[in-house]
2 protein chains.
Amino acid sequence: MSELILKNIAKHIAITAPQQELFLSLLEPKKIKKRQYFLQEGEVCKNSAFVISGCLRSYFADSNGFEHILQFAMEDWWMADMMSYTTQKPGNLFIDALEDTEVLLLSRDNQLKLFDQCPSFERYFRVITENGLVSHQRRVLENLSLPAMERYKIFAKRYPAFIQRLPQTQIASYLGITPEFLSKIRHQMMYQKP
Amino acid sequence: MSELILKNIAKHIAITAPQQELFLSLLEPKKIKKRQYFLQEGEVCKNSAFVISGCLRSYFADSNGFEHILQFAMEDWWMADMMSYTTQKPGNLFIDALEDTEVLLLSRDNQLKLFDQCPSFERYFRVITENGLVSHQRRVLENLSLPAMERYKIFAKRYPAFIQRLPQTQIASYLGITPEFLSKIRHQMMYQKP
DNA sequence: TTGCTTTCTTAATGTAGTTTATTTTTTTCG
DNA sequence: CGAAAAAAATAAACTACATTAAGAAAGCAA
């Protein structure tokens with residue numbers, strides 16, 4: 001069960017067997033049922049979650065009650081409210097499960113401990129964070145420069161698994177449009193593609 | 001002249017005098033005149049730039065020739081095309097100067113060397129990158145959830161110096177609206193505020 | 001199987017923001 | 001300084017997307 005996370009780490013850094021054990025000893029497994037919250041607005045995000053199976057989403061609920069999805073996390077992805085996790089102050093995101101989900105938790109305390117005891121992990125999370133920054137920068141620019149249909153096409157190409165597993169409502173919320181308009185876009189695509 | 005960058009680093013990590021010297025020896029000063037490119041689309045971003053004085057912007061030029069600003073960098077900020085800088089592959093951003101600007105350059109090679117020779121710097125850049133990620137996540141959510149006038153108000157409150165120093169055209173491009181519409185918004189704000 | 005809830009579609013109407021064009025104001029620089 | 005260029009304001013026509021409403025389809029518990 002911890003093979004997945006070790007494999008993920010091996011993609012970026014090489015660590016010894018005792019370091020692996022140290023790392024695994026700092027993790028805590030958890031199961032989150034579909035529709036169950038992992039984190040709610042106003043709480044401190046004590047843990048970062050590595051998804052073993054299932055799917056999480058993080059979102060912001062605006063003053064009109066509309067939900068805006070920041071991120072999905074399926075197998076092999078990390079999920080947290082980064083603002084709250086790094087500062088350990090109350091956050092304003094919700095995180096919940098779109099499917100029954102298994103995760104491994106790493107508390108911020110344990111993460112910082114890990115950085116001191118094994119600096120390779122500081123490198124691992126630096127690289128992970130660099131990649132996250134790049135993908136959010138790309139998302140900002142795509143939202144500024146592309147109309148909704150283009151953004152949907154790119155999303156579908158980049159994350160084909162998401163298109164199959166997620167309801168369109170969720171995808172629309174991630175793209176920043178209404179489900180009604182996404183439906184219209186998909187209709188248009190069917191009759192203009194070939 | 002290198003006081004500013006040492007002070008910035010001291011905010012996050014403590015380093016010895018010889019480490020400071022090592023770090024400074026890896027930096028290269030450069031001047032960039034107003035309207036001059038620091039980086040063009042298709043080039044590899046070899047250096048990250050720490051701004052000593054003046055102002056840089058990074059932007060994406062879409063297929064219709066419109067510019068979409070990703071970031072401004074004034075004194076005490078780092079600027080790079082992160083995608084290209086971290087992978088050392090050709091990027092798709094432009095970076096140029098909005099004012100005559102002085103920067104200190106750190107090449108990716110030197111940065112990685114620094115990480116090996118002084119792991120505290122790996123921590124410094126991890127923290128910087130975490131902060132960048134958080135601010136881009138916040139920007140994604142603000143773009144999804146708020147109308148243009150709210151985004152402008154938040155921008156003005158968060159970066160008061162930018163409002164004074166930058167032309168409205170640039171701010172509009174950062175907010176994702178046309179200069180004409182920003183002008184309209186500002187007119188509305190004048191007659192509804194008090 | 002039924003009924004209930006969630007998801008998806010369609011369509012009419014409404015609006016935040018764009019486009020295009022013109023004029024005024026400010027900045028730049030020889 | 002004065003000319004030219006850039007930036008800002010205004011306004012009318014237009015469009016991508018939202019809102020509202022209603023019904024069809026699909027998933028799911030009992």
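This one's a predicted model, so the numbers in the text were calculated from it and none came from an experiment. Chain identifiers are assigned alphabetically (A, B, ...) following the order of the sequence lines, protein sequences preceding nucleic acid strands; residue numbering begins at 1 within each chain.
- Atoms CD (A:Glu150) and C1' (D:dC17) sit 15 Å apart, rounded to a whole Å.
- Nucleotide C:dA11 holds its P atom 14 Å from the CD atom of A:Glu180, rounded to whole Å.
- Distance A:Arg165 CZ to D:dG27 P: 16 Å, rounded to the nearest Å.
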Taking only nitrogen or oxygen atoms into account, show me every contact under 3.5 Å that the protein makes with nucleotides 26-30 of chain C, one pair per line with its distance.
from, atom 1, to, atom 2, distance (Å)
C:dT28, OP1, B:Lys34, NZ, 3.0

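- Considering CG of B:Asn131 and OG1 of A:Thr86, their distance stands at 6.5 Å, rounded to 0.5 Å.
- Here the shortest heavy-atom pairing between A:Phe115 and A:Phe121 reads CE2-O, 3.5 Å.
- Put simply, the side chain of B:Arg165 gets close to the backbone of B:Gly54: a donor and an acceptor are under 3.5 Å apart.
- C:dT10 atom C1' lies 9 Å from atom NZ of A:Lys184, rounded to whole Å.
- Here D:dA16 presents its C1' atom at 10 Å from CD1 of A:Ile185, a figure rounded to the nearest Å.
- Rounded to whole Å, the distance from CZ on A:Arg186 to C1' on C:dA11 is 18 Å.
- Here C:dT18 is the nucleotide among C:dT9, C:dT19, C:dT18 with the atom lying nearest to any side-chain atom of B:Ile177.
- Taking CG from A:Leu105 and CG from A:Leu26, the interatomic distance works out to 12.0 Å, rounded to the nearest 0.5 Å.
- Both tests pass for A:Arg139 against the ring of A:Tyr174: distance under 6.0 Å to the centre and angle within 45° of the axis.
- Going from atom CD of A:Gln170 over to atom C1' of C:dT6 covers 11 Å, rounded to whole Å.
- Ranked by how close their nearest DNA chain C nucleotide is to the 5' end, B:Ala148 and A:Gln168 are led by A:Gln168.
- If you take CG of B:Leu144 and C1' of D:dA18, they are 15 Å apart, rounded to a whole angstrom.
- Taking the six-membered ring where the residue is Trp, A:Phe72 and A:Phe155 present perpendicular rings, their angle passing 60° and hence far from 30°.
- Residue A:Pro147 places its side chain closer to D:dC17 than to any other of C:dG17, D:dT10, D:dC17.
- Taking side-chain N and O atoms only, A:His187 has no distance below 4.0 Å to OP1 or OP2 of C:dT9.
- Using a 4.0 Å cut-off, some side-chain N or O of B:Thr178 falls inside it from OP1 or OP2 of C:dT18.
- Looking at B:Glu142 and B:Arg151, no side-chain N of the basic residue comes within less than 4.0 Å of a carboxylate O on the acidic one, giving no salt bridge.
- Using a cutoff of 4.0 Å between basic side-chain nitrogens and carboxylate oxygens, B:Asp96 and B:Arg57 are scored as salt-bridged.
- The side chain of B:Phe181 lies closest to C:dT18, out of C:dT18, D:dC17, C:dT7.
- An OP1 or OP2 oxygen of C:dC8 is reached within less than 4.0 angstrom by a side-chain nitrogen or oxygen of A:Thr169.
- The overall bend of the helix from C:dT1-D:dA30 to C:dG30-D:dC1, read as the angle between its terminal helix axes built from five base pairs each, is 60° when rounded to 10 degrees.
- Here A:Arg123 pairs with B:Asp116 in a salt bridge; the nearest charged N to carboxylate O distance falls below 4.0 Å.
- Ion pair A:Arg126/A:Glu122 not flagged as a salt bridge, since none of the NZ, NE, NH1 or NH2 atoms sits closer than 4.0 Å to an Asp/Glu carboxylate oxygen.
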